[in-house]
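Written below as structure tokens is the structure these notes are about.
Within every chain, numbering begins at 1; the chains are lettered A, B, ... in the order of the sequence lines, protein sequences first and strands thereafter.
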Protein chains: 2
Amino acid sequence: MKTNALIDFIQDKVRLDAELIETIHSVCHIDSWKKGKLLIRSGKRARHVYLIQKGSARTFYYHDGKEVTSWIYSEGQLVTAWSSFYTGMISSENTELTEDSTVVSISFEQLQLLYKNYPKMQEFGRLMVEEQLVFIDYFYKGFMFMTAKEKYELLLSYFPEVTLRVNLGHIASFLGISQETLSRIRKMPARK
Amino acid sequence: MKTNALIDFIQDKVRLDAELIETIHSVCHIDSWKKGKLLIRSGKRARHVYLIQKGSARTFYYHDGKEVTSWIYSEGQLVTAWSSFYTGMISSENTELTEDSTVVSISFEQLQLLYKNYPKMQEFGRLMVEEQLVFIDYFYKGFMFMTAKEKYELLLSYFPEVTLRVNLGHIASFLGISQETLSRIRKMPARK
DNA sequence: TACTTTTTATGATCTATGTCAAAAATAGAT
DNA sequence: ATCTATTTTTGACATAGATCATAAAAAGTA
């Protein structure tokens, strides 16, 4: 039976039969790209969602002329400019690979077809977004009252490797702190 | 044909036939409660989702012994302690009415049954969460780099009446700023 | 109307983190 | 290996907003 990281990801939430697996297979693509590859550009619609099979990525936008990382992603996670993907409006974010990576992609249209034709996929769609919401909510809510150091440690606990592999500046802007402050935090003795 | 605010809310996303409307009707309740009524208590599971037909509500938790408002809700919006509702884990948040209110409620179990038996409802469930995600993402992302005043003005532009009706302290903690700072902001000349 | 409680305002500090500038370290390229 | 560009570190200084303390105002209550 055929498989790939995306199918594993879906099966983590709902059970798929052989026919549906075959169908998903036929509508998604696997590609390898170099670090720095822009999967989605701001000003365009996000027409695909990507699952990172190997490597890492980030979404970012510009604020006062400076890049701000809005989220980081690693192996086994779905990436796209979500608000554009869901609403169909143009994206205010860019999505970029932060390492040489292998990703599985599926288009918005194909995903909608799967939702329409397979109740299991509709259910998967709901469960996936529910999970995203809970996670995002947890993170941002935490960030609200944490010191720079606490935020950094929260991130480290959730994305230990990526946090260390990705540029300091990207991580700093994701945490909403300056590069200099993060550099100083890293020099401090760990754990308060 | 029977109707209520919850059914209107659902029909805003998907078309319902008469039989499904009747079914939804039979599984939800309409109640009126006084200001201060706790719909969900932290430490318990959030077993219902509520639609505010009239009035307003907020979710809050405790941080360093102080109440922190995590979100405010007004007429036409769904309220619950979402992460508990979705995951089934106990809630870290309380949900409280901030004015005398009328709310429509439906239980988690009934909602799951609707999802299971009606593809339209499964689709509604997905679309509703997608919308929530986009909105929350927009807000928190904005908050990250805004000054206290900018955050307050963003909130005002989205929830003009509630922001003024609800306690200053609730609003301040929602914005992640101190009560004193918000009081000072309100005294400043508007719009930068 | 008087009394109590809750909410909002104001003044005086204090501090974490931002900003600017420049050096040091690291990674890439030829 | 050498040169160049990028990333990270370090220092000096500035500031938004926190905290603490108290007063004023508003809302409930009898």
Side-chain angles (χ1 to χ4, degrees), chain A residues 33-38 55-56 58 60 62-69 72 96-100 142-156 161-192, chain B residues 34-38 55-56 58 60 62-69 72 96-100 142-156 161-190 192:
Chain A
W33 278 302
K34 290 239 157 238
K35 169 176 175 173
K37 163 81 181 179
L38 279 173
S56 59
R58 66 171 185 136
F60 68 97
Y62 290 90
H63 176 84
D64 290 346
K66 280 191 284 192
E67 280 187 9
V68 175
T69 297
I72 61 175
E96 162 190 90
L97 297 178
T98 41
E99 298 174 292
D100 295 355
F143 279 8
M144 184 86 66
F145 286 90
M146 284 179 177
T147 62
K149 186 165 189 221
E150 288 167 340
K151 289 195 272 188
Y152 178 64
E153 282 169 353
L154 175 65
L155 186 68
L156 256 188
E161 343 76 40
V162 215
T163 303
L164 296 170
R165 256 149 53 192
V166 168
N167 275 4
L168 180 109
H170 297 167
I171 302 296
S173 66
F174 178 48
L175 297 173
I177 64 179
S178 74
Q179 202 175 117
E180 293 92 330
T181 296
L182 181 53
S183 172
R184 285 173 182 124
I185 285 170
R186 281 195 171 162
K187 283 295 169 70
M188 296 168 117
R191 294 266 133 227
K192 166 103 191 156
Chain B
K34 291 239 158 241
K35 168 176 176 175
K37 163 81 181 177
L38 278 173
S56 60
R58 66 171 185 135
F60 68 98
Y62 290 89
H63 177 84
D64 289 346
K66 280 191 284 191
E67 280 188 9
V68 175
T69 296
I72 60 175
E96 158 191 273
L97 297 178
T98 41
E99 297 174 295
D100 295 355
F143 279 9
M144 182 87 64
F145 286 92
M146 285 180 178
T147 62
K149 188 166 188 217
E150 288 167 340
K151 289 195 271 188
Y152 178 64
E153 282 169 352
L154 175 64
L155 187 67
L156 256 188
E161 344 76 38
V162 215
T163 304
L164 297 170
R165 257 149 50 191
V166 169
N167 275 5
L168 180 108
H170 298 167
I171 302 296
S173 67
F174 178 47
L175 297 173
I177 63 179
S178 73
Q179 205 175 115
E180 293 93 330
T181 297
L182 181 53
S183 172
R184 286 172 180 123
I185 286 170
R186 281 194 171 161
K187 283 295 169 69
M188 297 169 115
K192 166 94 196 171

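- The pair B/Asp100-B/Lys35 does not meet the salt-bridge criterion, since no charged nitrogen lies less than 4.0 angstrom from a carboxylate oxygen.
- Evaluation of atom-type donor-acceptor distances gives no pair under 3.5 Å for the side chain of A/Arg184 against the base of C/dG18.
- Residue B/Leu164 contributes atom CG, which lies 14 Å from atom C1' of C/dT8 at whole-angstrom precision.
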Derivation of the side chain to side chain contact (heavy atoms under 4.5 Å, CB included) call for B/Phe60 and B/Glu96: CA-CA 8 Å; B/Phe60 68 98; B/Glu96 158 191 273; 3.8 Å; yes
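- Atom pair B/Lys151:NZ and D/dG17:P shows a separation of 8 Å (rounding to whole Å applied).
- The distance from atom OG of A/Ser183 to atom CD1 of A/Ile171, rounded to the nearest 0.5 Å, is 13.5 Å.
- Summarising the geometry, the separation between NZ on A/Lys35 and C1' on C/dG28 is reported as 10 Å, rounded to the nearest angstrom.
- Phosphate contact (OP1/OP2 of C/dG18, side-chain N/O of A/Thr181, threshold under 4.0 Å): present.
- The shortest distance between the side-chain N/O atoms of A/Ser178 and the OP1/OP2 oxygens of C/dG18 is below 4.0 Å.
- Counting non-hydrogen atoms under 4.0 angstrom, A/Ile177 reaches the backbone sugars and phosphates but no base.
- For the pair B/Lys187 NZ and C/dT8 P, the interatomic distance rounds to 11 Å; values are reported in whole Å.
- To the nearest angstrom, C1' of C/dT7 lies 16 Å from NZ of B/Lys66.
- Distance B/His170 NE2 to C/dT8 C1': 13 Å, rounded to the nearest Å.
- Comparing A/Leu182 and B/Val166, the nucleotide of DNA chain C nearest to each residue sits closer to the 5' end for B/Val166.
- In this structure, A/Glu67 atom CD and D/dT7 atom P are separated by 9 Å, rounded to whole Å.
- Regarding contacts with the backbone of C/dA9, a side-chain N or O of B/Ser183 is found under 4.0 angstrom from either OP1 or OP2.
- Atom CD1 of residue A/Ile72 and atom CZ of residue A/Arg165 lie 9.5 Å apart, to the nearest 0.5 angstrom.
- For the pair A/Gln179 CD and D/dT6 P, the computed distance is 14 Å after rounding to whole Å.
- In this structure a side-chain-to-backbone donor-acceptor pair under 3.5 Å is missing from A/Thr98 to A/Arg58.
- For the pair A/Thr147 and B/Leu168, nearest-nucleotide mapping onto DNA chain C gives the more 5' position to B/Leu168.
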